[in-house]
Amino acid sequence: MPAVSKGDGMRGLAVFISDIRNCKSKEAEIKRINKELANIRSKFKGDKALDGYSKKKYVCKLLFIFLLGHDIDFGHMEAVNLLSSNKYTEKQIGYLFISVLVNSNSDLISLINNAIKNDLSSRNPTFMNLALHCIANVGSREMAEAFAAEVPRILVAGDTMDSVKQSAALCLLRLNRTSPDLVLMGEWTARVVHLLNDQHLGVVTAATSLITTLAQKSPEDFKTSVSLAVARLSRIVSSASTDLQDYTYYFVAAPWLSVKLLRLLQCYPPPEDGAIRGRLTECLETILNKAQEPPKSKKVQHSNAKNAVLFEAISLIIHHDSEPTLLVRACNQLGQFLQHRETNLRYLALESMCTLASSEFSHEAVKTHIETVINALKSERDVSVRQRAVDLLYAMCDRSNAKQIVAEMLSYLETADYSIREEIVLKVAILAEKYAVDYTWYVDTILNLIRFAGDYVSDEVWYRVIQIVINRDEVQGYAAKTVFEALQAPACHENLVKVGGYILGEFGNLIAGDSRSSPLIQFDLLHSKFHLCSVPTRALLLSAYIKFINLFPEVKGTIQEVLRSDSQLRNADVELQQRAVEYLRLSSIASTDILATVLEEMPPFPERESSILAKLKRKKGPGNLHPDLDENRKERSANGGTVAASPTPSTDLLGLGSTITTQNSAPPASKGTSLLVDVFSENIAAFPVETPVAVGPVADENFSRDISYIPTVHWGTLGIFVGIQSWQSIQFINPKIPDMRCLPLAPFPSRFVCKNNGVLYENQLLQIGLKSEFRQNLGRMYVFFGNKTSTQFMNFGWPFTAPYCAFFLTVSLQLNVHAKPADPTVDGGAQLQQILNIECMSDFVDAPVLNIQFRYGGTLQNVAVKLPITLNKFFQPTEMTSQDFFQRWKQLGAPQQEVQKIFKAKHSMDTEVTKAKIMGFGAALLDGVDPNPSNFVGAGVIHTKTTQVGCLLRLEPNTQAQMYRLTLRTSRDTVSQRLCDLLSEQF
Amino acid sequence: MQFMLLFSRQGKLRLQKWYVPLSDKERKKISRDLVQTILARKPKMCSFLEWRDLKIVYKRYASLYFCCAVEDQDNELITLEIIHRYVELLDKYFGSVCELDIIFNFEKAYFILDEFLLGGEAQETSKKNVLKAIEQADLLQECTFPV
């Protein structure tokens, strides 16, 4: 038996634990536990009052059962009772139970808080510590409310014992993490900072953590901590190893405190004061020097503690990024570790060097280690170390070594662990694009990626290769030849079929002159893969076939034959069947000219940030993307100024701006007036179509008038289409992410119809605020994402998206929304601002959906809210005289132009409020127009890009009946209806 | 630090300390995942691994694994030594500690941890001071205080 003499043996508990340990099976254990639970329940319920010892013993047993992984739903009250016991041992167990089994039961929380309050004011340090530990362990909002004001007082009071100060400091840190809004240091700030000068190193250790947390939140308030931290650090670093007595750990002076101080300094830029800065540089140099000294002990603890300080010092050096000598020394030190026999050190050196690679001062120094890193990739036995090597290769890559690094990564890919293949694929794809000098190399690399790891090549990667091939004439012929050759392999990956289908469909003509790749051979090759492919790929191949009909009239018959076969025309899949039917018809009725126009080569894609990069960012957070974060810095040092491939971050990230899509709604066989119209309404309208960028979105009626508006048949299914244009939308349509927590789509509060600012959405984690302004058909919306927690949101992204395809179609036609890419992290308590530029193309009903995803506490959170962009936002008020008003009112007299609604008042019928709402709605309020003064009359113009719609409105309140009658007259029926719907919800 | 777990070679959880609010279900899932991941690793492998968006630092002592989850910016090596210092504290208190001591005196293991780490940060790194605090508490065990 273990040391029973220590404190209080509870025999019953020991016996119970032994029993459990002796259970031969899970069932036996559960049986024993149930027996015990029944026993405890009956004891707690029994008439006989339990003595403190028994209560403690049973509570302890319950705790043990809970820690075994079983649910406990009683005993909380007994535990709370123990808190106010006059026996220390009982109190202690009570606190432990409460700390472990946090219970948000509110009546208990007030009892617990009461007990804590008593102990805090007991002036007995042991009791105070128990209470503070409990607050720090539970850290709930209720506790923060009760104690956030009290704990700072305890922390800085002159007569507080050191051990209590330590607990108070970390207790406050925890409260600040859970409820930063409640922890206000205010007048205590200076005294808390001065704890860095405390004589007791334990107090300094605890206080440094607290100050670091607070300084992250409000750096300005805690600025004075820098000089104190430097002074403290300097004293520790220069002390003999015995000076600090028990704070020396295996011959290293106060390693924990040193690490914390170095961490605190990373909240700030390099000190401006020369003397402080000099002292800090001295400290850092001393730490680097010590790394070169022979070890004072062979124990791993010695080297770990020493190197912990060293790595933290290097982090600070990298953070400051201002002292070239220190950066290069750090790099050399890490270089030594790259070949250390300790796996841990090799791992950390690779990791740390990754950040060094992004500094212009040390980038070249890092590059000298390339052979060692490549070797690590090949020889390390631990996958997590190899992963770091991949990251470092990625970070150190530039134009000078790209070919070597990409080649090494590709060859590693063949044997790489499955868990990291997808990431390697993304990285190779990015590097190949970024540093491609000639695009044949790029195309070869991507095809190799598909060959070696086709399953791990995500859609973004093959979308991207197509975007690039389409945008660059010089590589199209080569790409066609290469995919043609690659497709010869008897077994090729489906992703290759997709790329091959797309590229041959566009550029197959460039290799058709060679008899070995004649049109028919190309077609037969593609079609030989058809039956092995999934539905989306087959759909893509069908589009390739119709493109072939245009490119190579000689194979028209063969292809029509294929389209006509039962397996196509009567395919069970509706998308395939529809394509077969429509393509067949298109190929039969359209003249060569029309086919050539409709099936024209795809226009270049607008240059935008690589979607692959966005995907990698999402996967990894910003930390591992140094080459791109430091794009400018790196480009400066890279040789050769022509950076054709460097992705330009575009404001049009989502591609909504250049896209018009038409929903598949046209009924077949409409008797159109011209063939052109027929083609449009019967066939093209059935596909997602895209207009060339220059044309811009246009209203429907313009399509048939102007030949230049003929759209090009677009590739793929809608999913693919949306994907290429805006891969982010795909995520919503087809979420691939497991354990995603989906919240229901939240509508915006109706007050936003008449208001432009306010809080749009709020939950425990996140608050979304809005500020917006609209002018004519343009608008700008500032969206503020507030992180209400104390932890960082990772992978923060907010693809602007639609919940389902149809929706996407409607909105993309009528609203243009541009957003810049978001910073992928939002710190605890911090706010992220996003600007949306909005353009109203034509009148619309559905509001766009803002879909936000982020990672919090390991789980993906997903929030979808409708943005309050409503048609009336594009109102410009128009003042007019009574005479004008009625004249226009009469002009708009056609039955479909007027929409009227009679409805019951939902709010009190206050005249001033009503006026404010009508003005907020956007119309000019016209006084003295209506003969009845209690009526309201308004006028304005809805601005859209295509048209302007004049609107008149009249609201007649009937206070007796508590009813309103609202009449809208506009030149367009859809506008009348929409405005009436929106406005009638307001009263 | 976000949490600390102690578990046996058989995968039995012996101690769990959470410094971030998580539901019971999440805790169980995390423990299960991590225990599995770590037990599958070979002895000579590195003590750190990336897991979700956290860094895991672990070390095995005899039959017990000590495992800490820290955030991205946290220092791995010093975390490794946090584990070691905790082991030293247990060792000193129980007199060459073994898994059974922690099973039968789990409450003590928690008390010692609270004196050493609070809110996920090192509170007192001096071995003497931590043990002194625990001994003082032990002395008070049976004392009765006026209420």
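Side chains are part of it too, since the values below use all heavy atoms of this structure and drop only hydrogens, waters and symmetry mates. Letters A, B, ... mirror the listed sequences (proteins, then strands); counts begin at 1. Quantities reported herein were computed from a predicted structural model and do not represent experimental measurements.
When heavy atoms are compared at a cutoff of 4.5 Å, A/Tyr249 approaches chain B solely by way of its side chain, counted from C-beta outward. With a 4.5 angstrom heavy-atom cutoff, A/Glu351 touches chain B only via side-chain atoms. Using a 4.5 Å cut-off between heavy atoms, A/Leu201 makes no contact with chain B at all. Both the backbone and the side chain of A/Thr343 come within contact range of chain B, each with at least one heavy atom under 4.5 Å from a heavy atom of that chain. Only the backbone of A/Ser163 comes within contact range of chain B, with at least one heavy atom under 4.5 Å from a heavy atom of that chain. In this structure, the portions of A/Leu67 lying under 4.5 Å from any heavy atom of chain B include both its backbone and its side chain. Of the atoms belonging to A/Ser167, heavy atoms from both backbone and side chain fall under 4.5 Å from chain B.
Counting heavy-atom pairs closer than 4.5 Å to chain A, the top residue among B/Lys128, B/Glu81, B/Glu124, B/Lys12 is B/Glu81. In terms of heavy-atom pairs under 4.5 angstrom with chain A, the leader among B/Leu54, B/Leu15, B/Asn129 is B/Asn129. Contacts with chain B were tallied for A/Asn307, A/Asn118, A/Leu348, A/Leu175; A/Leu348 has the most, counting heavy-atom pairs under 4.5 Å.
Near-neighbour residues of residues 38-49 of chain B relative to chain A, defined by a heavy atom under 4.5 Å from a heavy atom of that chain, comprise B/Arg41, B/Lys44, B/Met45, B/Cys46, B/Ser47, B/Phe48, B/Leu49.
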> What's the verdict on salt bridge (charged side-chain N to carboxylate O under 4.0 Å, His left out) for B/Glu88 and B/Arg85, showing C-alpha distance, side-chain angles and the deciding distance?
Replying inline: CA-CA 5 Å; B/Glu88 285 185 346; B/Arg85 174 110 293 180; 3.1 Å; yes
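Formation of a donor-acceptor pair under 3.5 Å by the A/Arg174 side chain with backbone atoms of A/Asn137 is found in this model. A distance-only check finds a donor-acceptor pair linking the side chain of A/Arg346 to the backbone of A/Arg341 [under 3.5 Å].
When the shell of 6.0 Å around NZ of B/Lys28 is examined, it contains more than 12 heavy atoms from other residues, nucleotides or ligands.
Ring geometry for B/Tyr86 versus B/Phe66: interplanar angle over 60°, hence perpendicular rather than tilted (30 to 60°).
Among residues two or more places apart in sequence or in another chain, the salt bridge (Lys or Arg N to Asp or Glu O under 4.0 Å) test is passed with B/Lys17 by B/Asp114.
A cation-pi contact, defined as under 6.0 Å to the ring centre and within 45° of the axis, links A/Lys91 to A/Phe127.
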